[in-house]
Colleague: 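Next up is a structure, given as structure tokens.
Everything quoted here is computed from the prediction, not taken from an experiment. Convention: sequence-line order gives letters A, B, ...; per-chain numbering from 1.
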2 protein chains.
Amino acid sequence: MMAGKRADEAARQHLVTGLLERMLVKDVFDETCIVNQALVLLADKWALLVLIVLMQGTKRYSELQRQIRGVSPKMLTQTLRSLEENELVARQVFPEVPPRVEYSLTAFGKSLSHPLAALCDWAFEHEPRLRKVYAQARPAP
Amino acid sequence: MMAGKRADEAARQHLVTGLLERMLVKDVFDETCIVNQALVLLADKWALLVLIVLMQGTKRYSELQRQIRGVSPKMLTQTLRSLEENELVARQVFPEVPPRVEYSLTAFGKSLSHPLAALCDWAFEHEPRLRKVYAQARPAP
DNA sequence: CCGAATCCAGATTGATACTG
DNA sequence: CAGTATCAATCTGGATTCGG
């Protein structure tokens with residue numbers, strides 16, 4: 001138990017140290033920093049949810065809308081367009097009746113699987129605490 | 001080279017499959033899904049940048065403002081308050097003149113190091129492509 | 001039916017100036 | 001130093017409408 005905790009901490013320190021080496025510690029978060037630019041593309045709740053759902057495989061527009069509860073058609077379209085422009089998602093239109101449009105991750109999008117999975121894993125691991133802070137942060141609707 | 005690529009793909013599939021098992025594939029992205037709640041807290045550019053900077057250690061308000069280029073005092077304060085409420089960041093006020101306030105990650109916040117490092121690693125690995133899409137997504141200022 | 005475009009009220013953001 | 005206050009501008013989201 002104790003050893004496991006120390007191992008986790010050691011792993012964390014290794015990761016953080018590796019990062020710091022690359023970031024050169026100071027003033028890296030301006031507009032030219034690649035981490036900053038990446039966050040501009042990714043720091044969006046709907047975009048992340050779409051990417052996570054598309055990790056399951058190719059989906060139609062309506063499937064995405066069904067799986068991602070609470071997304072309006074407008075925001076879904078907007079998010080998909082943005083992801084397409086950023087080359088993370090591919091859009092394929094089938095000239096049929098009724099119309100069919102399929103979305104899938106590009107190879108670039110698939111390369112995000114590891115970071116996104118790490119984020120989801122974190123959420124599952126810390127579920128009780130997350131629920132607590134989420135509930136107290138937003139008074140009952 | 002080829003073997004490395006295959007290993008990466010295998011690792012990705014393992015991660016994704018593990019996720020899918022937990023997500024039970026369908027309709028998990030409503031308000032009660034823990035991933036959704038986690039994203040509400042984290043899908044924010046400034047919050048992520050603050051967390052990443054605080055991975056370097058304890059910082060004063062002005063240090064954060066200097067390292068995170070482009071953040072206004074208002075947004076920095078707002079972001080820090082939110083992170084504090086979510087128990088990811090601890091705030092300590094020193095009753096001195098001139099005033100001093102220090103921010104650091106809580107244990108909970110430190111538990112985010114792995115996912116955040118994975119995200120940063122991804123950004124560094126895909127820097128050329130990221131710069132390309134970032135540039136074409138936003139016309140020269 | 002499915003996918004997308006338009007309009008508009010309300011929330012969020014950002015730059016700047018100001019205060020204990 | 002570490003924030004607030006203020007105001008303009010942008011973004012969001014829902015309802016509605018349109019086209020294939």
Side-chain angles (χ1 to χ4, degrees), chain A residues 27 29-31 33 36-37 39-50 53-54 58-86 89-104 137-139 141, chain B residues 29-31 36-37 39-50 53-54 57-86 89-104 134 137-139 141:
Chain A
D27 289 2
F29 293 107
D30 60 19
E31 274 242 322
C33 174
N36 196 310
Q37 297 190 2
L39 291 182
V40 170
L41 307 184
L42 294 177
D44 177 299
K45 180 192 164 185
W46 298 127
L48 290 171
L49 284 175
V50 167
V53 173
L54 288 180
T58 298
K59 300 274 176 184
R60 299 182 57 166
Y61 181 92
S62 50
E63 289 178 291
L64 290 171
Q65 191 167 26
R66 209 175 311 119
Q67 287 204 326
I68 304 174
R69 295 287 178 88
V71 70
S72 67
K74 179 187 164 184
M75 289 316 293
L76 183 54
T77 299
Q78 200 170 301
T79 302
L80 287 166
R81 289 280 130 77
S82 162
L83 290 172
E84 194 189 355
E85 188 171 12
N86 296 331
V89 163
R91 175 176 187 265
Q92 189 175 11
V93 184
F94 295 84
E96 302 174 354
V97 175
R100 184 159 58 107
V101 181
E102 288 187 350
Y103 295 92
S104 56
R138 24 185 66 211
Chain B
F29 293 106
D30 60 19
E31 274 241 323
N36 195 309
Q37 297 191 3
L39 291 182
V40 169
L41 307 184
L42 294 178
D44 176 301
K45 181 191 165 188
W46 299 128
L48 291 172
L49 284 174
V50 167
V53 173
L54 287 181
T58 297
K59 300 275 175 183
R60 300 181 58 165
Y61 182 92
S62 51
E63 290 178 289
L64 290 171
Q65 191 168 26
R66 209 175 312 118
Q67 288 204 327
I68 304 175
R69 295 284 179 89
V71 70
S72 66
K74 178 186 162 185
M75 287 317 293
L76 183 54
T77 299
Q78 199 171 300
T79 301
L80 287 167
R81 290 281 131 78
S82 162
L83 290 171
E84 195 189 355
E85 187 170 13
N86 297 330
V89 164
R91 175 175 185 265
Q92 188 175 11
V93 184
F94 295 84
E96 303 173 353
V97 175
R100 182 158 58 105
V101 180
E102 288 186 350
Y103 295 90
S104 56
Y134 185 86
R138 21 186 69 211

Colleague: Whether Arg91(B) contacts dA2(D) is assessed here as follows: a side-chain N or O lying under 4.0 Å from the phosphate OP1 or OP2. Is that the case?
Modeller: no

Colleague: Looking only at atom types and distance, does a side-chain atom of Glu63(A) sit under 3.5 Å from a main-chain N or O of Arg60(A), one as donor and one as acceptor?
Modeller: yes

Colleague: Going by salt bridge (Lys or Arg N to Asp or Glu O under 4.0 Å), name the residues that satisfy it together with Arg91(B), two or more places apart in sequence or in a different chain.
Modeller: none

Colleague: Which heavy atom in Asp44(A) sits nearest to a heavy atom in Trp46(A), and how many Å separate them?
Modeller: OD1-N, 2.8 Å

Colleague: Please give me the minimum heavy-atom distance between Val71(B) and Leu76(B), naming the atom from each residue.
Modeller: CG2-N, 3.7 Å

Colleague: In this structure, how many angstroms lie between the P atom of dA2(D) and the CD atom of Glu84(B), rounded?
Modeller: 15 Å

Colleague: Would you kindly give the CD-to-C1' distance between Gln92(A) and dG3(C), to the nearest whole Å?
Modeller: 16 Å

Colleague: Figure out the CG/P separation between Leu80(B) and dA2(D), and round it to whole Å.
Modeller: 11 Å

Colleague: Take the protein atom CD of Glu63(B) and the nucleotide atom P of dG3(D), then report the distance between them rounded to whole Å.
Modeller: 13 Å

Colleague: Can you measure Glu96(A) atom CD to dC1(C) atom C1' for me and round it to whole angstrom units?
Modeller: 14 Å

Colleague: If I take atom CD in residue Gln65(A) and atom C1' in nucleotide dC2(C), what distance separates them, rounded to the nearest angstrom?
Modeller: 10 Å

Colleague: Whole angstrom is fine here: how far is it from NZ in Lys59(A) over to C1' in dC2(C)?
Modeller: 17 Å

Colleague: Can you pull out the residues from residues 97-104 of chain B that lie within a 4.0 Å heavy-atom distance of DNA chain C?
Modeller: Pro99(B)

Colleague: Which letters describe nucleotides 7-18 of chain D, given B = protein heavy atom under 4.0 Å from base, S = only from sugar-phosphate, - = neither?
Modeller: -----SBB----

Colleague: Is it the case that the side chain of Tyr61(B) and the backbone of Pro73(B) share a donor-acceptor pair, with hydrogens and angles ignored and the cut-off at 3.5 Å?
Modeller: yes

Colleague: Looking at Leu54(B) and Tyr103(B), what are the two nearest heavy atoms and their distance?
Modeller: CD2-O, 3.5 Å

Colleague: Indicate the atoms forming the closest heavy-atom contact of Arg69(B) with Arg66(B), along with that distance.
Modeller: NE-O, 3.5 Å

Colleague: Report yes or no: does Thr79(A) contribute a side-chain atom to a donor-acceptor pair with the main-chain N or O of Met75(A) at less than 3.5 Å?
Modeller: yes

Colleague: Work out which heavy atom in Ala43(A) is nearest to a heavy atom in Leu48(B); give both atom names and the distance.
Modeller: CB-CD1, 4.2 Å

Colleague: Could you give the CZ-to-C1' distance, from Arg69(B) to dA15(C), as a whole number of Å?
Modeller: 17 Å

Colleague: OP1, OP2 of dA5(C) versus side-chain N and O of Arg81(A): anything below 4.0 Å?
Modeller: yes

Colleague: Compare side-chain N and O positions of Ser62(B) against OP1 and OP2 of dC1(D) and report whether any pair is under 4.0 Å apart.
Modeller: no

